[in-house]
Each structure stands twice: as structure tokens, then as C-alpha cells.
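Notes follow once the structure below has been shown.
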Amino acid sequence: MPARILDGKALANRVTGSIRERVAARIAAGRGVPTLAVVLVGEHPASQVYVRNKRRTTETVGMGSRAFDLPADVAEREVLDLIDRLNGDPAVHGILVQLPLPPQIEPERVIEAIDPAKDVDGFHPYNVGRLVLRMPLLRPCTPLGCMKLLAETGEPLAGKHAVVIGQSNIVGRPMALELLMERCTVTICHSATRDLPGLVRGADIVVAAIGKPAFVRGDWIREGAIVIDVGINRGADGKLCGDVDFAGAAERAAWITPVPGGVGPMTIAMLLSNTLQAAEAIDGRPSG
Ligand code: GUN
């Protein structure tokens with residue numbers, strides 16, 4: 001049975017449409033324009049594309065976008081000072097520092113400097129801890145987007161065996177926590193995992209976040225599985241492709257996300273959702 005496509009672009013358009021209405025209602029009620037500051041350090045080509053898309057989509061929903069583009073050799077102190085200023089600026093509700101950062105800057109130090117209430121990436125140890133403890137506030141955008149895509153299938157998640165390939169702080173680990181919160185049985189795989197194909201063959205849900213084109217082969221996929229492909233790679237033919245052999249996997253899966261047009265647009269939609277959530281929580285905070 002050929003897989004049904006989980007259309008992330010269409011779902012992201014629905015989410016951003018509803019965010020646009022809520023932003024307009026906020027502004028009409030005289031509350032502040034939710035504003036996202038995006039910090040880009042250096043000229044990493046993929047990061048430049050991601051950041052451009054984030055800034056553009058922020059503006060299309062009527063939110064404020066503040067751009068900070070810093071040179072690749074900027075001192076860590078300068079980045080930390082900028083974050084201090086943004087933390088203290090009441091007109092800024094969300095702060096995102098695009099990763100990776102150049103080697104002279106420690107990402108952990110930068111992430112920890114962000115006010116957790118403005119941490120729209122959900123990477124601050126406080127927000128990660130809240131997720132671990134099943135009390136989530138701001139949640140990492142890509143895993144949250146994957147959960148919204150899984151919800152679109154209409155299939156109950158409790159009891160399903162989910163195999164997450166990749167253990168990064170940005171995707172793999174928070175993804176496993178999200179799936180666990182929905183009562184999946186979760187296996188996290190990484191480069192030291194033995195018999196990856198065997199584990200994937202037993203999975204009801206496969207989330208691939210490895211960063212290698214077509215790494216997950218179609219014949220690893222169990223009949224009727226749900227396949228979520230987080231990878232965005234440039235294939236040998238120059239085209240964008242995911243971490244999963246799409247054609248092979250689509251012959252066996254019940255549902256599959258395409259690349260592009262799957263997880264990617266949902267990551268940005270969740271970033272905007274987090275920014276609105278942060279603005280509403282900051283509004284509700286006692287002043288002074
Ligand atoms: N680099 C790759 N993905 C992300 C993301 O979701 N947030 C940030 N800040 N950097 C990234």
C-alpha cells in the first residue's frame with residue numbers, strides 16, 4: 001500500500017493562518033506586537049537560508065522581526081551582551097540564536113544566557129527540564145512540529161514503538177521526550193547503536209534526524225509504519241532530500257513526510273507559535 005503524505009506545508013499554513021488572526025486580535029486589543037529577535041553569527045550557508053525563512057514568515061503573520069547579523073569572528077562577550085540587552089527589552093518577546101556557532105563561542109553559555117521566558121527555541125536547561133518533568137512550557141520547535149504531524153494521522157500514539165534516529169539536543173532527545181509524554185515506547189538510536197536496521201524494522205513510528213541523505217533504507221520500514229523525516233540534505237543530484245529513501249519507504253509506510261514540504265515548514269510554524277505563547281505569558285507577568 002503506498003503511503004499517505006503528511007503535508008507539512010499545508011498544516012503549517014493552517015497554523016500560521018490561525019497565529020496571524022490571534023496576532024491581529026492582540027494588536028487590536030492594544031497589546032504589544034509579538035516580536036522575535038533572531039541572531040545569526042557568521043555566514044553558514046544553510047543557517048542563512050533558515051534564518052531568512054524564519055524572519056520572512058515572522059513578518060507574514062504580523063509579528064515584529066528584529067535581525068542581528070554578527071560577523072563570524074565576533075567575541076563571545078559581545079553575543080552575551082546582546083542577549084542581555086534583548087532579555088531586558090520589554091518590546092522583545094522571543095530570542096533565537098541560530099546554531100551552529102563559530103568555534104570561539106560556546107553554545108551552552110549562549111543558550112543559558114537567554115531568559116527562559118523568551119527562549120522560543122526551548123533549548124534553555126530550564127525549558128528542557130520542564131519537558132523532562134512533563135511540565136512543558138516553551139518546547140523545541142522541530143520535535144513539536146513532528147508531534148503535530150503525527151496528530152494529523154489520527155492514529156493513537158499510546159503503546160506504539162517509536163524509534164528516534166539521532167540524539168541531538170535540538171531534535172533527537174526532545175523528540176524522544178515528546179513521544180514518551182504521549183506514552184510511546186521509545187528507542188533512541190545513535191552512531192554506537194547495534195543493528196539499527198533491526199530496530200527500525202520493529203518500529204511503528206520512525207523519526208529520522210541523522211543528517212545523511214537517504215540513510216534509512218526503504219526495506220527497513222515496517223508495513224504500515226509512520227515515517228517522519230527531519231533531514232534536509234543536498235543529494236548528489238543537487239536536489240533537497242531527507243534522511244530516508246523516500247520512494248522505497250513510501251511503498252511500505254502508512255504515512256510519510258516529504259522533503260521538502262514536511263517537517264521544515266512545521267519547525268517555523270512552531271517557532272511562531274512559541275513566540276506568541278511567550279508574548280502572552282510575558283503580558284501576564286507582574287510588572288516591575
Ligand atoms: N539550527 C538547526 N536547527 C535549529 C533550530 O531549531 N534552532 C536554532 N536556534 N538553530 C538551529
Side-chain angles (χ1 to χ4, degrees), residues 8 12 15-16 36-58 65-70 72 74 76 79-80 82-83 86-87 92-103 105-116 118-128 131 136 138-149 164 166-178 207-212 228-234 240 242-243 257 259-260 262-275 277-278:
V15 173
T16 51
L36 173 63
V38 176
V39 181
L40 175 65
V41 183
E43 286 164 10
H44 190 277
S47 291
Q48 285 178 318
V49 174
Y50 296 145
V51 163
R52 198 183 315 129
N53 285 338
K54 287 173 185 179
R55 288 172 177 160
R56 191 190 305 136
T57 320
T58 304
S65 170
R66 299 256 196 105
F68 298 90
D69 293 339
L70 307 177
V74 70
E76 184 181 84
V79 180
L80 295 174
L82 170 61
I83 290 172
L86 296 171
N87 283 341
V92 170
H93 305 94
I95 303 169
L96 178 150
V97 179
Q98 187 67 23
L99 303 175
L101 289 165
I105 303 175
E106 264 201 62
E108 293 82 3
R109 204 171 287 154
V110 169
I111 290 167
E112 227 168 334
I114 297 172
D115 177 350
K118 297 189 178 186
D119 167 39
V120 286
D121 259 327
F123 294 166
H124 190 286
Y126 174 78
N127 284 316
V128 177
L131 183 60
L138 292 168
R139 299 148 78 162
C141 304
T142 299
L144 189 54
C146 293
M147 295 311 288
K148 303 281 179 209
L149 286 163
V164 178
Q167 57 152 350
S168 72
N169 292 347
I170 296 180
V171 183
R173 284 163 192 256
M175 187 72 226
L177 293 167
E178 291 282 357
V207 180
I210 313 134
K212 291 187 183 160
I228 306 286
D229 192 345
V230 180
I232 303 179
N233 311 293
R234 194 67 68 184
L240 285 187
D243 289 348
T257 59
V259 178
V263 174
M266 285 305 294
T267 296
I268 300 186
M270 293 303 103
L271 172 65
L272 301 181
S273 169
N274 279 352
T275 304
Q277 183 181 326

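Ligands are counted one by one from 1 in listed order, and the atoms in each one are counted from 1 as well.
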Can you measure from SG (Cys146) to CE (Met175) and round to the nearest 0.5 angstrom?
4.5 Å

Nearest 0.5 Å, what's the CG-CD1 distance between Asp119 and Ile95?
8.5 Å

I need the single residue from Asp121, Val230, Val207, Ile268 that forms a side chain to side chain contact (heavy atoms under 4.5 Å, CB included) with Thr142. Which is it?
Val230

Considering only heavy atoms, which protein residues lie less than 4.0 Å from any atom of ligand 1?
Lys54, Leu96, Val97, Gln98, Leu99, Asp121, Phe123

Quick check: does any side chain N or O of Asp243 sit under 3.5 Å from a backbone N or O of Asp229, one acting as donor and the other as acceptor?
no

Whether the side chain of Asn127 engages the backbone of Gly122 through a donor-acceptor N/O pair (distance < 3.5 Å, no angle test) should be reported.
no

Verify, without hydrogens or angle tests, whether Thr257 (side chain) and Ile228 (backbone) share a donor-acceptor contact under 3.5 angstrom.
no

